[in-house]
Protein chains: 2
Amino acid sequence: MYELFFKKLNEKVSFTQEEQDIIRDYLTPKKIRKRQYLLQEGEVCKMIAFVEKGALRSYSVDEKGNEHIIQFALEGWTISDLYSFLTGEPATYNIDALEDSELVLISKSAQEEILKKCPKYETYTRLQVTGAYLAMQKRLTSIISQPLEERYNSFINLYPDIVQRVPQHMIASYMGLKPETLSRLRKKIAEK
Amino acid sequence: MYELFFKKLNEKVSFTQEEQDIIRDYLTPKKIRKRQYLLQEGEVCKMIAFVEKGALRSYSVDEKGNEHIIQFALEGWTISDLYSFLTGEPATYNIDALEDSELVLISKSAQEEILKKCPKYETYTRLQVTGAYLAMQKRLTSIISQPLEERYNSFINLYPDIVQRVPQHMIASYMGLKPETLSRLRKKIAEK
DNA sequence: AAAAAACATTGACCGAAATCAATTAAATGT
DNA sequence: ACATTTAATTGATTTCGGTCAATGTTTTTT
């Protein structure tokens, strides 16, 4: 169990078998069905979720009821409302499953215990956020500096698996576009 | 020397005087004049810069020669091309000074030495990126979900000091707008 | 203090994305 | 297999931000 979790963990920082067994004790498995919420806006985010299998998204909903996708998470990715998790404030994002999924959950107390017994784990969490930060910076740079068509091409190159598995209107939302606009963009690209 | 640096450091994780003295040994002060580059696209980013005094920005330049501001850094903030710093790849961003500034520089080897002699420093760096990640996520969410006027209002509330000290066309660039558009937006808001 | 450079504003016009609406296609549940 | 919901496409129109150009203003340099 937790194969992918430990694989990804060891890719960043290598842990001994003993350390891994300690960590394993604090992990909680969870299966979640398509369309089911893992977190709803207003709740406090108690868990960080690692995706062993399946696909989830986080998104915010504005006053007009429009959804804005913040992040997708496929196998090997981690998803949460980190601000809520760290501060205990109510979450501003929703998280739900796009497919039936299998998760590995880590609560805050679990994380604290792991850190106590296995300080090396902090390096992992540091590298984890650093990676997330760099990925997001790239996305932001792309939004403010690239023309739409290039942005979409970069996206499909970077995340071909997401394009395969996620409905198009959600990709539009992730890119800050209306579904109609993405549909027309795709048509334009296809005609070339 | 380095007052603000140590103040900010201790706000995140508290260090003993001895630890601070160890860290201090690895820091390099640098003064930089307005308009001077700290980093140019194509160079490898060798240093992380903490701003003791002054103001800097990082930005990319697209094929058409348009500048896109990625980040501002006033007193107490840190600025670098983190991807280049970590990987040794050529930088994709430029960094220059918006005012005469005083910096505290940390090279990669300095950081590694600090971490060896003072493992607690890792917690500081972890909290540092975490904060940067959360700030950027907020910015991204705002870009994809808020109407322009709200976005500008949030910006001036969050960073009133930047509005005071930075030319308007750079704020426009940071928001992904043309200077003319921001000028008109401000007029519209003022007329209310 | 004068000259030059950088910055901000304003106007007229254009183009890209949003909106509104209708239709077709695909996925899901029973 | 059929009915229902969800998703994608297409068209007509509007809105918002970009472009181009001119003018005024402030800041910097000499």
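Note that the structure is predicted; figures quoted are calculated from it, not measured. So you know, we letter chains A, B, ... as the sequences are listed, proteins then strands, and number each from 1.
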Interatomic distance, [X] [atom1] vs [N] [atom2] [rounded to whole Å]:
| X | N | atom1 | atom2 | answer |
| --- | --- | --- | --- | --- |
| B/R184 | D/dT19 | CZ | P | 12 Å |
| B/Q168 | D/dT26 | CD | P | 13 Å |
| B/I69 | C/dC7 | CD1 | C1' | 14 Å |
| B/Q36 | D/dT28 | CD | P | 17 Å |
| A/I189 | D/dT9 | CD1 | P | 12 Å |
| A/E180 | D/dT10 | CD | P | 12 Å |
| A/L98 | D/dT6 | CG | C1' | 14 Å |
| A/L177 | D/dT9 | CG | C1' | 16 Å |

>> Less than 4.0 angstrom between a side-chain N/O of B/K187 and OP1 or OP2 of C/dT9, yes or no?
In response: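 For B/K187, the contact criterion (side-chain N or O under 4.0 Å from OP1 or OP2 of C/dT9) is not met.
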
> Do the rings of A/F50 and A/F5 sit parallel, tilted or perpendicular, given the 30° and 60° boundaries?
Replying inline: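 Rings of A/F50 and A/F5: perpendicular, as their planes differ by over 60°.
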
Exceeds 12 heavy-atom contacts within 6.0 angstrom, atom [atom1] of [X]:
| X | atom1 | answer |
| --- | --- | --- |
| B/F15 | CZ | yes |
| A/K120 | NZ | yes |
| B/K46 | NZ | no |

> Hey, which of these two, B/K178 or B/R35, hits DNA chain D nearer its 5' end, going by closest nucleotide?
Replying inline: B/K178

>> Quick check on DNA chain D: between B/P147 and B/K34, whose nearest nucleotide comes earlier from the 5' end?
In response: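 Whichever sits nearer the 5' end wins; that is B/P147.
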
> Below 3.5 Å, does any donor atom in the side chain of B/E149 face an acceptor in the base of D/dC16, or the other way round?
Replying inline: no

> A/H169 side chain: which of D/dA8, D/dG17, D/dA21 is closest?
Replying inline: D/dA8

> Of all the nucleotides listed (C/dA17, C/dT10, D/dA7), which has the minimum atom distance to the side chain of A/L148?
Replying inline: C/dA17

> Given that A/L182 and B/T181 both sit by DNA chain C, which one's nearest nucleotide is further toward the 5' end?
Replying inline: B/T181

> For B/L148, which of B/N153, B/L177, B/I143 qualifies under side-chain contact (heavy atoms from CB on, under 4.5 Å)?
Replying inline: B/L177

> Heavy atoms under 4.0 Å, any strand shown: does B/L185 hit a base, just sugar-phosphate, or nothing?
Replying inline: nothing

